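Written below as structure tokens is the structure these notes are about.
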2 protein chains.
Amino acid sequence: MDICQEKCINREKVEKTIKTIPNPEETIQMADIFKALSDPSRLKIVLALLNQEHCVCDIAVICKQTNSAISHQLRILRTLKIVKNRREGKTVYYSLEDDHVISLITMSLDHVRH
Amino acid sequence: MDICQEKCINREKVEKTIKTIPNPEETIQMADIFKALSDPSRLKIVLALLNQEHCVCDIAVICKQTNSAISHQLRILRTLKIVKNRREGKTVYYSLEDDHVISLITMSLDHVRH
DNA sequence: TTAACATATGAACAAATGCTCATATGAAGA
DNA sequence: TCTTCATATGAGCATTTGTTCATATGTTAA
């Protein structure tokens with residue numbers, strides 16, 4: 001197969017780094033959070049909720065998408081515990097569940113803007 | 001089309017939020033960074049580079065993937081300016097380009113571990 | 001109970017994504 | 001120069017993902 005593995009690897013460095021890598025479950029959970037923010041339309045929803053809660057209909061207007069598309073995306077964000085909701089009559093208001101998300105957003109915006 | 005847009009939106013809240021949303025280019029750039037970290041195998045590569053540089057071959061061993069798969073993913077990370085590389089003879093060493101990425105990783109790990 | 005309406009969800013489809021396999025590139029030593 | 005080896009890359013593919021359309025759910029008011 002990979003002859004390289006017999007010859008060129010630096011075992012010490014490899015062993016040392018392997019110890020520092022989070023376990024698979026944690027890695028997948030981290031990836032899931034990044035995945036939630038990796039789609040521009042889904043990220044825009046999160047950005048829309050950064051300062052105040054909104055109903056599905058308002059989010060659809062802000063994001064220029066159909067209520068259905070927004071609702072599907074909100075379900076994903078809800079499953080990942082990134083947003084929470086509360087019902088008020090016929091209307092459902094969504095807001096961010098977690099301050100960590102706000103930090104992630106702020107940091108990546110810094111990065112983009114240098 | 002969407003009758004809802006004629007009736008239920010809260011124009012004031014919507015207008016206020018629209019002003020706070022980053023422009024489309026920035027939003028896409030932010031999403032791109034998150035997308036780079038959203039795939040578990042690509043995230044693992046970044047995690048492997050968190051503390052020290054490694055050659056492609058070592059990364060492949062650490063991540064238990066073929067050199068080819070790693071090389072393809074490194075190209076994506078290079079394009080997004082998340083990793084950089086230096087050549088030393090036949091070997092190419094990769095390391096993280098940017099401290100912002102380290103902060104993002106650290107923060108999401110915090111989030112996962114509470 | 002019935003109508004109206006905000007939201008949720010399942011199915012289907014087009015587009016994007018990650019991997020594999022084969023092959024190319026570029027550097028070092030014989 | 002020729003061979004070896006680390007890395008890079010293109011094509012093809014199976015899988016995943018985001019959207020649309022149709023329909024369901026749940027709440028309010030008549």
Side-chain angles (χ1 to χ4, degrees), chain A residues 1-10 13-14 27-28 31-32 34-46 53-80 83-95, chain B residues 1-10 13-14 27-28 31-32 34-46 53-80 83-95:
Chain A
M1 250 215 59
D2 215 356
I3 300 160
C4 169
Q5 294 191 8
E6 306 287 331
K7 298 196 174 183
C8 80
I9 65 168
N10 183 327
K13 286 179 69 180
V14 167
T27 306
I28 289 172
D32 280 344
F34 289 127
K35 187 173 284 172
L37 304 172
S38 73
D39 177 65
S41 46
R42 203 158 47 225
L43 176 59
K44 200 169 177 186
I45 294 174
V46 175
E53 65 172 15
H54 284 290
C55 64
V56 176
C57 181
D58 280 5
I59 299 171
V61 173
I62 293 165
C63 297
K64 293 174 187 140
Q65 289 218 292
T66 63
N67 289 4
S68 178
I70 296 294
S71 192
H72 276 292
Q73 297 291 28
L74 282 171
R75 194 157 85 104
I76 294 172
L77 294 171
R78 224 186 316 133
T79 305
L80 289 167
V83 301
K84 62 187 175 193
N85 58 12
R86 68 180 182 86
R87 183 176 271 277
E88 199 175 300
K90 279 182 284 191
T91 310
V92 177
Y93 289 96
Y94 279 84
S95 58
Chain B
M1 252 212 55
D2 214 355
I3 300 163
C4 170
Q5 294 190 9
E6 305 286 330
K7 297 196 173 183
C8 80
I9 64 167
N10 182 328
K13 285 180 69 180
V14 167
T27 306
I28 289 171
D32 280 343
F34 290 128
K35 187 174 285 172
L37 305 172
S38 72
D39 177 65
S41 45
R42 204 157 47 225
L43 175 60
K44 201 171 177 185
I45 293 174
V46 176
E53 66 173 13
H54 284 289
C55 64
V56 177
C57 181
D58 281 5
I59 299 172
V61 173
I62 294 165
C63 297
K64 293 174 189 144
Q65 289 220 291
T66 65
N67 289 5
S68 177
I70 296 295
S71 192
H72 276 293
Q73 296 292 26
L74 283 170
R75 193 157 86 102
I76 294 172
L77 293 171
R78 223 187 317 135
T79 306
L80 288 167
V83 303
K84 63 188 174 195
N85 58 11
R86 69 182 182 85
R87 181 176 274 276
E88 200 176 300
K90 280 182 284 190
T91 311
V92 178
Y93 289 95
Y94 279 83
S95 56

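Bear in mind that the values here come from a model prediction, so they are computed numbers and not experimental data. Each chain gets a letter, A, B and so on, in the order the sequences are listed, and its residues count up from 1.
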Mind checking what makes side-chain contact (heavy atoms from CB on, under 4.5 Å) contact with B:Ser71, not counting sequence neighbours?
none

Taking atom C1' of C:dC5 as reference, at what distance in whole Å does atom CG of A:Asn67 sit?
11 Å

What is the separation between atom CG on B:Leu80 and atom P on C:dT17, rounded to the nearest whole Å?
11 Å

Rounded distance in Å - CD (B:Gln65) to C1' (C:dG18):
9 Å

Under a 4.5 Å cut-off applied to non-hydrogen side-chain atoms, are B:Lys44 and B:Gln65 in contact?
no

For C:dA6 and A:Thr91 - does any side-chain N or O of the residue sit under 4.0 Å from the phosphate oxygens OP1/OP2?
no

Applying side chain to side chain donor-acceptor pair (under 3.5 Å), name anything that partners B:Ser41, two or more places apart in sequence or on another chain.
B:Asp39

Rounding to a whole Å, what distance do you find between B:Ile45:CD1 and D:dA8:P?
11 Å

Could you pull out all residues at least two apart from B:Val14 that satisfy side-chain contact (heavy atoms from CB on, under 4.5 Å)?
A:Asp58, A:Val61, A:Ile62, B:Ile18

Checking A:Lys35 side chain against B:Pro40 main chain: does a donor-acceptor pair fall under 3.5 Å?
no

What I'd like to find out is whether the side chain of B:Ile70 reaches to under 4.5 Å of the side chain of B:Gln73, using heavy atoms alone.
no

I need the CZ-P distance between B:Arg86 and D:dA8, as an integer number of Å.
14 Å

For the pair B:Arg42 (side chain) and B:Ala36 (backbone), establish whether a donor and an acceptor sit closer than 3.5 Å, ignoring hydrogens and angles.
yes

Whole-Å gap separating P (C:dT7) and OH (A:Tyr94)
9 Å

Those residues that, when tested against B:Asn85, pass side chain to side chain donor-acceptor pair (under 3.5 Å) (two or more places apart)
B:Tyr94

Below 4.0 angstrom, which residues in residues 68-79 of chain A have at least one non-hydrogen atom near DNA chain D?
A:Ser68, A:Ala69, A:His72, A:Gln73

Atom pair distance, as rounded to whole Å: CG in B:Asn85 and C1' in C:dT25:
15 Å

Between B:Ser41 and C:dG18, is there a side-chain N or O to OP1/OP2 distance below 4.0 Å?
no

Whether each nucleotide of nucleotides 23-30 of chain D has a protein heavy atom under 4.0 Å at its base (B), only at its sugar-phosphate (S) or at neither (-) is summarised, 5' to 3', as ----BS--

Among residues at least two apart in sequence or on other chains, which ones pass side-chain contact (heavy atoms from CB on, under 4.5 Å) with B:Lys84?
B:Ser95, B:Glu97

Round to the nearest Å and state the distance from A:Lys35 atom NZ to C:dA16 atom P.
17 Å

Is A:Ile59 close to A:Leu74 at the side-chain level, that is, under 4.5 Å between some pair of heavy atoms?
yes

So, taking the atom named OG1 in A:Thr91 and the one named CZ in A:Arg86, what distance separates them when rounded to the nearest 0.5 Å?
9.5 Å

Could you work out how much the helix from C:dT1-D:dA30 to C:dA30-D:dT1 bends, comparing the axis of its first five pairs with that of its last five, to 10°?
20°

